[in-house]
Chemist: 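Have a look at this one.
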Amino acid sequence: MNWTLFLSRIAWIANACFIASLWIMYGKQTIIPESIQSTLVVLGWLVAPLLNLTILIIRFVFRNPPKPILLAKYYPIYLVFLIVQLLYITKIV
């Protein structure tokens with residue numbers, strides 16, 4: 001299904017924003033303007049966990065989940081990203 005492949009690609013972008021927001025949070029940088037930093041933080045900390053959770057729900061709830069090439073290969077990566085994001089959000093790490 002095309003919508004799951006689209007959702008998967010958006011999740012990759014949001015996960016990259018999560019990594020960028022960690023770099024912004026722990027690194028001292030002045031290159032990126034404040035408006036872009038806030039956008040990266042919102043995408044990385046709010047949207048990325050929701051997208052990863054949605055992808056995993058699609059995978060485990062539906063009896064025959066749609067299997068586009070990009071989505072089927074990377075379920076473990078989405079799970080690892082979701083766990084790491086939840087650990088950072090709950091301040092365990």
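Heavy atoms only: backbone and side chains are in, while hydrogens, waters and symmetry mates are out. The first residue in the sequence is number 1, and the count goes up from there.
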Chemist: Look up atom CG in L53 and atom CD1 in I58, then write down how far apart they are to the nearest 0.5 Å.
Modeler: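 If we round to the nearest 0.5 Å, L53:CG and I58:CD1 are 10.0 Å apart.
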
Chemist: Can you tell me how far the CD1 atom of I24 sits from the CD1 atom of I32, to the nearest 0.5 Å?
Modeler: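 Here the rounded value is 4.5 Å.
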
Chemist: Using the rule that two of Ile, Leu, Val, Met, Phe, Trp, Tyr join whenever any of their side-chain heavy atoms come within less than 4.5 Å, decide whether W12 and F6 are in one cluster.
Modeler: yes

Chemist: Is there a side chain to side chain contact (heavy atoms under 4.5 Å, CB included) between Y88 and V84? Walk through the geometry before answering.
Modeler: CA-CA 6 Å; Y88 271 102; V84 169; 3.8 Å; yes

Chemist: Where do L40 and S21 come nearest, in terms of heavy atoms and distance?
Modeler: O-CB, 4.1 Å

Chemist: Return the CG to CH2 distance between L50 and W45, rounded to the nearest 0.5 Å.
Modeler: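 CH2 of W45 is found 14.0 Å from CG of L50.
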
Chemist: Taking side chain to side chain contact (heavy atoms under 4.5 Å, CB included) as the definition, give me every residue that meets it alongside L46, ordered by chain and number, with sequence neighbours left out.
Modeler: V42

Chemist: Indicate yes or no: at least one non-hydrogen side-chain atom of L22 is less than 4.5 angstrom from one of F18.
Modeler: yes

Chemist: Treat each ILVMFWY residue as a node, draw an edge where side-chain heavy atoms are under 4.5 Å apart, and state whether I13 and L56 are in one component.
Modeler: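 Looking at the clustering, L56 is in a separate group from I13.
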
Chemist: Which value, rounded to the nearest 0.5 Å, describes the distance between N15 atom CG and F81 atom CZ?
Modeler: 4.5 Å

Chemist: Considering all heavy atoms of both residues, which atom of Q85 and which atom of G44 are nearest to each other, and what is their separation?
Modeler: NE2-O, 4.4 Å

Chemist: Who pairs with L43 by side chain to side chain contact (heavy atoms under 4.5 Å, CB included), at least two apart in sequence or on another chain?
Modeler: C17, T39, V47

Chemist: By side chain to side chain contact (heavy atoms under 4.5 Å, CB included), which residues pair with L86, not counting sequence neighbours?
Modeler: L82

